Trainee: 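Here it is, the structure in full.
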Amino acid sequence: MNDVIIIGGGIGGLALAQGLRRHGVAVAVYERDAHRDDRLDRYRLAINPAGSRSLRACLPDPQWQAFLDTAGRPGGGFGFLGTDLREWVVVEDEIMYPDISDPAERSYPVDRHTLRGILLDGLGDAVHYGRTFERYDFTAGRPTAHFTDGTSATGDVLVGADGINSRLRAQYLPGAVRSDTHAVGVGLKIPLTSDTRTWLPTRLGHGMNLVSGAAPCFLFTSAFQRRQPAGDDYLLCAFVARNDLFPAHPERLDGARLKAHLAGLIAGWHPALQQLVDRCPASDVSAFPFLASDRPAPWKPSRITVLGDAVHGMPPTGGNGANTALRDAALLTRQLSRAARGELSLLDAIGDYESEMREYGFHAVDLALRTLRQGLLSNPVEMFCSRTWFRFCSMAAPLRRMTFGQSWAEVSAPRAWERAVTTPNQRP
């Protein structure tokens, strides 16, 4: 194996590029954005231990240290609140992710734009901008990617990391389809300034929170605060609802119209929540339908493979999309570097990756869908039982640990191959 071509310069694709270069495998990334900073998707990600472990495996030491240095201020827990902002229960950080001395086994709040910049650093001319993937074919048994500008690139392996609307996956795995979850998310972001904190309830300015009421909708909030003040802290919010609460094609509405629609949906909620929507800049409000990849039947491995949302796209409920893409990158790095060293055949390396990836990847999809369904719960009896149990949990740490601890641990616990610590100078 001589080189790997990656379609898509998102978090998963760039982590794979960093990992392969770290192991001496030639790699080229083809990204449709015209420039490095074209993406202005500045919002908070929750990197769990699976994501941290994967970044440590893929990143050179300087980039890993940059990740640690730019991560947000930890802490705040996860709160479950009513629309009147009464706290049903707040789950402590140590229950979600117990404190561990190894930085690669911790969780971190990070700014997505900052993380992508770290993943780009050091790749230099390995990243080719302004290249929109069109199709692939084979040249003398090797995959060739063709782009809409008429250029092409041939390599030993072609990796689709081009998101949930992946053109590569559509050609390679036409039976791997996406389904509508019948839910819509509206993202909002408001600066966490001294003025904002004068009216924002303290609980909303820390950690993560889920605000839910009687209607089939909920509001998720997540504060991003840097360890060292830089004047760009913010509160990320996602209002999630069944799509019948929105007009058709809400993603086509501008920020002002979305704010007006949300104001009507939360008219009876706490005044601070209404003020949050009112004060959010319209330019930082957008809607997107929630899609989820259906679990495909296993396919025969070849010199083409896929990672991240391109194969196991999921709604953001649960925060596992980026973490699962990073895990894909770490595993595929491991497998392709083993093939490059001659430890196993290329097709065996890719086949083993795909078998393992399908298992944990679609488990994450299932968890995201389950979390979405729970958040949109509108049955009065079930809602009453859930809130009553939350209030019991608020009274006793053992109940909180029993109820919530496993749900976070199961998706980020190390898998067998992750328990073997591997560096470029150590074989797994």
Side-chain angles (χ1 to χ4, degrees), residues 5-19 29-33 38-39 41 43-48 50-51 54-55 58 110 112-113 115-116 119-120 131-133 136 145 158-181 183-185 187 238 240 251 286-296 299 304-333 353-354 356-372 411-412:
I5 294 172
I6 300 170
I7 305 300
I11 285 176
L14 294 175
L16 175 63
Q18 289 280 5
V29 179
Y30 292 86
E31 165 58 43
R32 67 182 178 183
D33 289 346
D38 277 1
R39 298 190 190 188
D41 48 356
Y43 55 89
R44 181 194 193 274
L45 289 174
I47 299 297
N48 66 26
S54 300
L55 285 168
C58 291
V110 301
R112 186 184 185 100
H113 184 76
L115 175 58
R116 186 167 183 261
L119 290 169
L120 281 165
R131 301 290 185 86
T132 299
F133 176 80
Y136 70 83
L158 177 62
V159 181
D162 46 342
I164 198 164
N165 296 311
S166 170
R167 288 186 177 182
L168 190 148
R169 183 213 60 240
Q171 180 181 353
Y172 183 55
L173 301 172
V177 298
R178 305 156 301 151
S179 294
D180 186 354
T181 67
V184 175
V240 180
E251 67 276 13
S286 58
F288 43 95
F290 283 179
L291 303 175
S293 299
D294 293 346
R295 186 187 296 265
W299 59 90
I304 298 175
T305 192
V306 281
L307 67 73
D309 283 349
V311 59
H312 45 61
M314 64 192 79
T317 44
N320 289 320
N323 290 294
T324 310
L326 289 170
R327 181 173 254 168
D328 291 349
L331 177 56
L332 190 52
T333 291
Y353 156 74
E354 290 174 341
E356 172 77 354
M357 174 270 290
R358 282 190 293 265
E359 182 178 336
Y360 66 71
F362 283 93
H363 176 59
V365 174
D366 292 341
L367 286 176
L369 290 172
R370 187 175 74 192
T371 303
L372 177 62
V411 75
S412 61

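As the structure is a prediction and not an experimental result, all values here were calculated from the model.
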Trainee: So how far is it from Arg131 CZ to Asp33 CG, rounded to the nearest 0.5 Å?
Mentor: 14.0 Å
Trainee: Strictly distance-based, threshold 3.5 Å: is any side-chain N or O of Asn323 a donor or acceptor partner for the main-chain N or O of Asn48?
Mentor: yes
Trainee: Enter the distance from Ser54:OG to Leu332:CG here, rounded to the nearest 0.5 Å.
Mentor: 12.0 Å
Trainee: Roughly how far apart are Asn320 CG and Thr371 OG1, rounded to 0.5 Å?
Mentor: 7.5 Å
Trainee: Donor-acceptor pairs under 3.5 Å, side chain of residues 11-19 to any protein atom, not counting sequence neighbours: which ones?
Mentor:
residue: Gln18; atom: NE2; partner: Leu119; partner atom: O; Å: 2.7
residue: Gln18; atom: NE2; partner: Asp121; partner atom: O; Å: 2.8

Trainee: If the condition is ring-ring contact (aromatic ring centres under 6.0 Å, His included), which residues does Tyr30 pass it with, not counting sequence neighbours?
Mentor: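 Checked Tyr30 against ring-ring contact (aromatic ring centres under 6.0 Å, His included); matches are His128, Phe147.
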Trainee: Please round to the nearest 0.5 Å and tell me the distance separating atom CE of Met357 and atom CG of Leu331.
Mentor: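 These two atoms lie 8.5 Å from each other.
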Trainee: Measure from the side-chain N and O atoms of Thr181 to the backbone N and O of Phe290, and report whether any donor-acceptor pair falls under 3.5 Å.
Mentor: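 Yes: the side chain of Thr181 pairs with the backbone of Phe290.
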Trainee: Search all heavy atoms of Val365 against all heavy atoms of Ser293 and return the closest pair with its distance.
Mentor: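 Closest heavy-atom pair between Val365 and Ser293: CG1-O, 3.9 Å.
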Trainee: For Phe362 and Pro296, work out which heavy atoms get closest and say how close.
Mentor: CZ-CD, 3.2 Å
Trainee: With a 4.0 Å cut-off on N to O distance, would you call Arg32 and Asp162 a salt bridge?
Mentor: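 So Arg32 does not pair with Asp162 through a salt bridge.
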Trainee: Where the side chain of Arg327 meets the backbone of Ala50, is there a donor-acceptor pair that is under 3.5 Å apart?
Mentor: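 No, because the side chain of Arg327 does not come within donor-acceptor range (under 3.5 Å) of the backbone of Ala50.
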Trainee: Quick one: closest heavy-atom pair of Gly10 and Glu31, and the distance?
Mentor: N-OE1, 4.3 Å
Trainee: So, Arg116 side chain and Gly9 main chain: donor-acceptor pair closer than 3.5 Å or not?
Mentor: yes
Trainee: Write down the atom of Tyr172, the atom of Ile304, and the distance for their closest heavy-atom approach.
Mentor: OH-O, 3.4 Å
Trainee: Given side chains that start at C-beta, do those of Arg178 and Asn165 come closer than 4.5 Å, heavy atoms only?
Mentor: yes
Trainee: Knowing that exactly one of Val306, Leu158, Val29, Thr132 qualifies, which makes a side chain to side chain contact (heavy atoms under 4.5 Å, CB included) with Ile7?
Mentor: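 Result: among Val306, Leu158, Val29, Thr132, Leu158 is the only option passing the side chain to side chain contact (heavy atoms under 4.5 Å, CB included) with Ile7.
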Trainee: Rounded at 0.5 Å granularity, tell me how far OG1 in Thr317 sits from CG in Leu367.
Mentor: 9.5 Å
Trainee: Sub-3.5 Å donor-acceptor pair from the side chain of Gln171 to the main-chain atoms of Tyr136, do we have one?
Mentor: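 It does hold such a pair.
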Trainee: Calculate, to the nearest 0.5 Å, the distance between atoms NE2 and OG1 belonging to His363 and Thr324 respectively.
Mentor: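 One gets 9.5 Å once the value is rounded to the nearest 0.5 Å.
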Trainee: May I ask you to test the Glu354-Val311 pair for a side-chain heavy-atom distance under 4.5 Å?
Mentor: no
Trainee: What are the two closest heavy atoms between Ala368 and Pro315, and how far apart are they?
Mentor: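 So the minimum-distance heavy-atom pair works out to CB-O, 3.6 Å.
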Trainee: Which heavy atom in Met314 sits nearest to a heavy atom in Asp309, and how many Å separate them?
Mentor: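 Here Met314 and Asp309 meet closest at N-OD1, 4.1 Å.
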Trainee: Do the side chain of Thr305 and the main chain of Val159 share a donor and acceptor less than 3.5 angstrom apart?
Mentor: no
